[in-house]
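Proteins get letters first, then strands, A, B, ... in listed order; numbering begins at 1 in each. Only this structure's heavy atoms are used, side chains among them; waters, hydrogens and symmetry mates stay out.
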There are 2 protein chains.
Amino acid sequence: MSSGNPETRQRILDAAWRALESGDAKKTRMGDIAKLAGVSRQALYLHFPARTDLLVAVTQYIDRIKDVDGRLEKSRNASSGGERLDAFIEAWGDYIPEIAGVARALLDMRVGDPDAGMAWDDRMRAVRHGCDAAVKALKKDGDLSNDHTQAQATDVLWMLLSFENWERLRFGCGWPQKKYVTEMKAMARRLLTD
Amino acid sequence: MSSGNPETRQRILDAAWRALESGDAKKTRMGDIAKLAGVSRQALYLHFPARTDLLVAVTQYIDRIKDVDGRLEKSRNASSGGERLDAFIEAWGDYIPEIAGVARALLDMRVGDPDAGMAWDDRMRAVRHGCDAAVKALKKDGDLSNDHTQAQATDVLWMLLSFENWERLRFGCGWPQKKYVTEMKAMARRLLTD
DNA sequence: TTCCAACTTGACACTGTGTAAAGTTGATGG
DNA sequence: CCATCAACTTTACACAGTGTCAAGTTGGAA
């Protein structure tokens, strides 16, 4: 799969993470990451054949370290559908800022890079899955609004919780993170329940 | 402002529009547009110093031809705040598909091109202005939900009506255009009124 | 000692943008 | 009828960043 020393690989992933988190994603070149990792530019290509491969590996690396699955797991234990919805929004909403840098990089990279698009879509499918589960829980409790079919409710929640919406509210509108989470919960309730 | 024959300029704008509308925006190179317009690549640079300038000019060209202002004007004549909200969502919502190709191109171009970002932000500010007006009309009628301050309500509506949300629902979720407009109206009402 | 994996060094092909400079063409005016 | 000029073409090239290639170097295991 990947040749080379795993330690070096990790140093590269770490450097890439730092580089992406701090500053313009598109402006982080392979050479920059290499320098930051203290290896030659070619060493990067030795471990990751293309820029995209590196990016994708970084997202997986972060996911592992930040433990997304564990966080989202918490929301599964909620007793009522409404609580589950809240827990999910909180878990995902507070996860976004942690991955924002890399997410934006991946998003930017989609342009002219199908692999980056795939990696992103993959992440988004995971979020959608969580939305679906939350909606199902609501439905089970009989709390799902009649205005929506179950699928449509999932669509709506998924749209609402998109990374782009987070960016817009957070930076375009200047909402503090806490407000974002609180309001998202309120909006989701309004839209999905009666 | 721009040297060269206005007819040629228009042929270029027209070609660029067609090129962007049909197919991957990032993959439309200056040379492609030139070929489509039946002029040399350099003629493009003669009329538009940079790719971004061309893009921005295309958006303005489209706006003029499609008459955005006229469309949005209609929403100003609504009698009640609620009707005004509906009219605005309908006007904007049905305008999006007409500019989707170029909008996506501009959005993609933001990466590493501040001017493209400015052009896009400018458009979005115009939409926000419309949102603000609709919210004001609701407030005036006393129909604005107590859950939101006026500014916050504008933020919410603006987020809801974002181009990205349209893309996600339209293509990510497969909603027909008509459903998008209908549901958006319903969601806006739910979120903004009691 | 030999050998190998991991890495470095330096050169280079490729793509697309944007620049530069010299040539063509057709209309306008003296 | 010629000069001129604007608009455009043609050709060439600089530049940036990605990715490739081939020839070293180095430290440790067999």
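- Spacing between atom CG of B:L44 and atom P of D:dT10 amounts to 14 Å, rounded to whole angstrom units.
- Residue A:L46 places its side chain closer to C:dC7 than to any other of D:dG19, C:dC7, C:dT17.
- Atom pair B:M109:CE and C:dG16:C1' shows a separation of 12 Å (rounding to whole Å applied).
- Between the side chains of B:D132 and B:T154, a donor-acceptor pair is found at a separation under 3.5 Å.
- Residues A:D63 and A:Y95 bring a donor and an acceptor atom of their side chains to less than 3.5 Å of each other.
- Partners of A:D53 under the salt bridge (charged side-chain N to carboxylate O under 4.0 Å, His left out) rule, at least two apart in sequence or in another chain, do not exist in this structure.
- Between the base of C:dG16 and the side chain of B:R41 there is no donor-acceptor pair shorter than 3.5 Å.
- Each of C:dG16, D:dT18, C:dC7 was ranked by its minimum atom distance to the side chain of A:N5; first place goes to C:dC7.
- Rounded to an integer number of Å, the gap from A:E7 CD to C:dA5 C1' is 15 Å.
- In this structure B:R190 satisfies the side chain to side chain contact (heavy atoms under 4.5 Å, CB included) test together with A:S145, A:D147, A:L191, A:D194, sequence neighbours excluded.
- Residue-to-nucleotide contacts include no donor-acceptor pair under 3.5 Å from the side chain of A:Q42 to the base of C:dT9.
- Note: OH (A:Y45) to P (C:dA11) measures 18 Å, nearest angstrom.
- Taking atom NZ on B:K35 and atom C1' on C:dG16, their separation rounds to 14 Å, with Å as the unit.
- Rounded to an integer number of Å, the gap from B:D108 CG to C:dT17 P is 14 Å.
- Between the side chain of B:Q177 and the main chain of B:G93, a donor-acceptor pair closer than 3.5 Å is present.
- The CD atom of A:Q10 sits 16 Å away from the P atom of C:dA6 (whole-angstrom rounding).
- In terms of position on DNA chain D, the residue among B:A43 and A:G31 whose nearest nucleotide sits closer to the 5' end is B:A43.
- At C:dA6, none of the side-chain N or O atoms of A:H47 fall inside 4.0 Å of OP1 or OP2 (strictly under the cut-off).
- If you measure from atom CZ of B:R29 to atom C1' of C:dT15, you get 9 Å, rounded to the nearest angstrom.
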